[in-house]
Amino acid sequence: MLGGLPITSNLSGQDLGGLTLTPGVYAFNTFAQLTGNLVLDFFGNPNAQFVFQIGSTLTTASASSVSTVNGGAGAGVFFRVGSSATLGSSTAFQGNIVADQSISMNAAATIICGRAIALEGAVTMINNTISNDCRNGGDFGSGAGDFGSGGFSGVTTTVPEPGTYALLGAGLGALFVVRRRRRV
């Protein structure tokens with residue numbers, strides 16, 4: 001789904017470090033790199049989305065960061081990576097990384113608002129933190145927030161645990177049996 005969205009801008013060959021971007025779909029024909037800080041400005045749109053379509057690899061330099069400002073509860077940030085992603089040491093990342101192959105997080109790299117999803121391979125971690133809930137002033141004291149979106153998922157829904165459905169079904173079944181007995 002993320003790969004089929006119409007492209008707003010092609011940033012192939014540009015380093016994401018030092019850029020301030022507005023909501024949209026950004027493409028990289030092959031690789032993307034981040035050296036420094038990338039700022040994603042939602043411009044006060046509570047449902048704005050950032051999608052990065054990266055042909056092969058995403059690599060961040062040590063101590064790089066992704067920062068977000070002016071978002072809302074429906075905010076979404078997604079990095080769709082064609083093969084693998086590597087977060088350098090002490091990188092402070094925000095957003096969801098969905099990589100076809102693998103994700104490697106070097107020492108002390110964090111995803112403070114988002115997720116790391118490797119579709120075919122592994123997510124390798126070395127003393128890292130990943131949190132998909134960054135409400136109430138910022139996760140783990142970082143000060144970084146996801147505007148109540150539940151980890152930049154772009155939606156604010158609650159999904160019940162699978163056991164809830166079984167309990168609901170059992171309760172409805174018992175109600176049906178009790179009602180049948182009273183009619184007889």
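All of these numbers come straight from a predicted model, not from anything done at the bench. Numbers here simply count residues along the sequence, with the first being 1.
- Contact detail for A27 and I7: the closest heavy-atom pair is CB-CD1, 3.6 Å.
- Annotation: ring pair (Phe, Tyr, Trp, His ring centres under 6.0 Å) contacts of F28 (sequence neighbours excluded): none.
- Counting all heavy atoms, side chain and backbone alike, D15 lies closest to G17 at OD1-N, 2.7 Å.
- Minimum interatomic distance between A116 and V123 (heavy atoms only, all atoms of both residues): O-CG2, 3.7 Å.
- The shortest distance between side-chain heavy atoms of L19 and Q14 falls below 4.5 Å.
- You'll find the side chain of M125 reaches within 4.5 Å of the side chain of I130, heavy atoms only.
- Minimum heavy-atom separation, A109 to G88: CB-O, 3.5 Å.
- For Y26, the ring pair (Phe, Tyr, Trp, His ring centres under 6.0 Å) partners are F52, not counting sequence neighbours.
- Looking at residues two or more places apart in sequence or on another chain, you find no side chain to side chain contact (heavy atoms under 4.5 Å, CB included) involving A63.
- Annotation for F42 and N70: closest pair CB-O, 3.1 Å, computed over non-hydrogen atoms.
- Once rounded to the nearest 0.5 Å, the distance linking CZ of F78 with CD1 of I97 reads 12.5 Å.
- Residue pairs meeting the side-chain hydrogen bond (donor to acceptor under 3.5 Å, both in side chains) criterion with at least one member in residues 107-128, sequence neighbours excluded, are N96-R115.
- Looking at residues two or more places apart in sequence or on another chain, you find a side chain to side chain donor-acceptor pair (under 3.5 Å) between N10 and S12, N29.
- Applying the salt bridge (charged side-chain N to carboxylate O under 4.0 Å, His left out) test to residues at least two apart or on different chains, none of the pairs has a partner in residues 52-64.
- Cluster annotation: F31 is not connected to V25 through the hydrophobic network of ILVMFWY side chains, with a link wherever side-chain heavy atoms come within less than 4.5 Å.
- Listed by first and then second residue, the side-chain hydrogen bond (donor to acceptor under 3.5 Å, both in side chains) pairs that reach into residues 81-91 are T60-T91, S84-S102, sequence neighbours excluded.
- Here the straight-line distance linking atom CG of L40 with atom OG of S67 works out to 8.0 Å at 0.5 Å rounding.
- The list of salt bridge (charged side-chain N to carboxylate O under 4.0 Å, His left out) pairs with a residue in residues 96-112, not counting sequence neighbours, reads R80-D100.
- Within the structure, salt bridge (charged side-chain N to carboxylate O under 4.0 Å, His left out) pairs that include any residue of residues 41-65 do not occur (at least two apart or interchain).
- The shortest side-chain heavy-atom distance between V77 and Q94 does not fall under the 4.5 Å cut-off.
- S104 is linked by a side chain to side chain donor-acceptor pair (under 3.5 Å) to nothing, counting only residues two or more places apart in sequence or in another chain.
- Other members of the hydrophobic cluster containing V69, listed by chain and number, are V39; membership follows side-chain contacts under 4.5 Å among ILVMFWY residues, whether direct or relayed.
- The side chain to side chain contact (heavy atoms under 4.5 Å, CB included) test with L87 is passed by exactly one of N106, I111, L34, T59: I111.
- Here the CD1-CZ distance, from I103 to F79, works out to 11.5 Å after rounding to the nearest 0.5 Å.
- Using a 4.5 Å heavy-atom threshold, the side chains of P23 and Q49 count as separate.
- With values rounded to the nearest 0.5 angstrom, N45 atom CG is found 6.0 Å from N47 atom CG.
- The shortest distance between side-chain heavy atoms of V51 and T8 does not fall below 4.5 Å.
- In this structure, S131 OG and I112 CD1 are separated by 9.0 Å, a value rounded to the nearest 0.5 Å.
- Hydrophobic cluster membership of I126, counting Ile, Leu, Val, Met, Phe, Trp and Tyr whose side-chain heavy atoms lie under 4.5 Å apart directly or via other members: none, as it forms a cluster of its own.
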